[in-house]
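To start, the structure itself, in structure tokens.
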Amino acid sequence: MSINATLTAAMRPVGPVHADTYEGPEEVYLTFNYNSIPTDYGDDEPSHERFLVQAHLFAPIGYNTVALRKAVKKALHGAGATWPSMENASDKDGQHLVFECEMVEAVGVE
């Protein structure tokens, strides 16, 4: 399964989830992005890729996101990621919570 499919499947039970960006009508939704780093070299080629994942929870100001925050962390960890850290990047336009974690997959899976 690709990293996109893994992340989408993991977070879908929490709420609507979209890779990269979302411009639809939902007020509460998740997006994700990641960087890929080759690792475990042998014969000049990597065997695995380490993904630095960012999952983003967006919600209106005043919306209670406490349960969603816990659910996102559990969903990512349950999909094989390290336990996510969380940063609050909210502003006057709405809540924006950023979860950062790492995942590893064999090369060629993505």
Side-chain angles (χ1 to χ4, degrees):
M1 186 181 301
S2 72
I3 187 75
N4 276 21
T6 299
L7 291 169
T8 299
M11 292 188 290
R12 185 173 290 129
V14 178
V17 60
H18 309 276
D20 304 318
T21 59
Y22 175 69
E23 296 181 15
E26 287 131 342
E27 291 186 324
V28 178
Y29 61 91
L30 298 153
T31 64
F32 64 86
N33 61 280
Y34 51 85
N35 295 329
S36 170
I37 301 169
T39 188
D40 294 335
Y41 278 86
D43 295 327
D44 297 325
E45 290 189 14
S47 298
H48 294 86
E49 287 186 277
R50 183 172 63 133
F51 294 95
L52 307 179
V53 177
Q54 286 189 332
H56 306 263
L57 171 60
F58 293 94
I61 292 175
Y63 188 91
N64 186 344
T65 60
V66 173
L68 290 175
R69 294 175 193 199
K70 291 177 184 177
V72 169
K73 289 179 180 182
K74 287 183 177 183
L76 289 168
H77 189 255
T82 57
W83 191 263
S85 63
M86 186 189 83
E87 180 178 346
N88 190 334
S90 302
D91 60 20
K92 64 181 177 68
D93 295 325
Q95 295 184 64
H96 177 190
L97 303 160
V98 183
F99 303 86
E100 295 182 321
C101 58
E102 296 184 20
M103 299 180 86
V104 176
E105 287 192 357
V107 168
V109 174
E110 181 182 10

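No hydrogens, no waters, no symmetry mates; every other heavy atom, side chains included, goes into these values. Positions are given from 1 along the sequence.
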Exercise. For the residue pair D93 and D91, what are the closest heavy atoms and their distance?
Worked result: N-OD1, 2.9 Å

Seminar exercise, completed: Sorted by chain and residue number, the side chain to side chain donor-acceptor pair (under 3.5 Å) partners of S47 (sequence neighbours excluded) come out as none

Exercise. With H48, which residues qualify under side-chain contact (heavy atoms from CB on, under 4.5 Å), at least two apart?
Worked result: T39, D40, V104, A106

Exercise. How far apart are the closest heavy atoms of F99 and P84, and which atoms are they?
Worked result: CB-CB, 4.1 Å

Problem set entry | Heavy-atom pair with the smallest gap, counting every atom of V28 and A59 | CG2-CB, 4.0 Å

For this session: For R50, enumerate each residue passing the salt bridge (charged side-chain N to carboxylate O under 4.0 Å, His left out) test, keeping only those at least two apart in sequence or located in another chain.
Result: E102

For this session: Supply the members, apart from Y22, of the Ile/Leu/Val/Met/Phe/Trp/Tyr cluster built from side-chain contacts under 4.5 Å; use none for a lone residue.
Result: Y29, F58

For this session: State, to 0.1 Å, how close A81 and M103 come at their nearest heavy-atom pair, and which atoms those are.
Result: CB-CG, 3.6 Å

Problem set entry | Members sharing L52's hydrophobic cluster (side chains within less than 4.5 Å) | I37

Distance-only criterion, 3.5 Å: show the donor-acceptor pairs between side-chain atoms of residues 6-21 and protein atoms not counting sequence neighbours.
unit_1, atom_1, unit_2, atom_2, d
T6, OG1, S2, O, 3.0
T8, OG1, N4, O, 2.8

Problem set entry | Over 12 foreign heavy atoms within 6.0 Å of CD, E26 | yes

For this session: Would you please name every residue forming a side-chain contact (heavy atoms from CB on, under 4.5 Å) with E100, sequence neighbours left out?
Result: Q54, S85, V98

Exercise. Excluding sequence neighbours, so at least two apart, what forms side chain to side chain donor-acceptor pair (under 3.5 Å) with H96?
Worked result: H56

Exercise. What pairs meet the side-chain hydrogen bond (donor to acceptor under 3.5 Å, both in side chains) rule with one or both residues in residues 65-76, with sequence neighbours excluded?
Worked result: T65-R69, T65-Q95

For this session: Please list, chain by chain and in numerical order, all residues satisfying side chain to side chain donor-acceptor pair (under 3.5 Å) with T31, sequence neighbours excluded.
Result: none

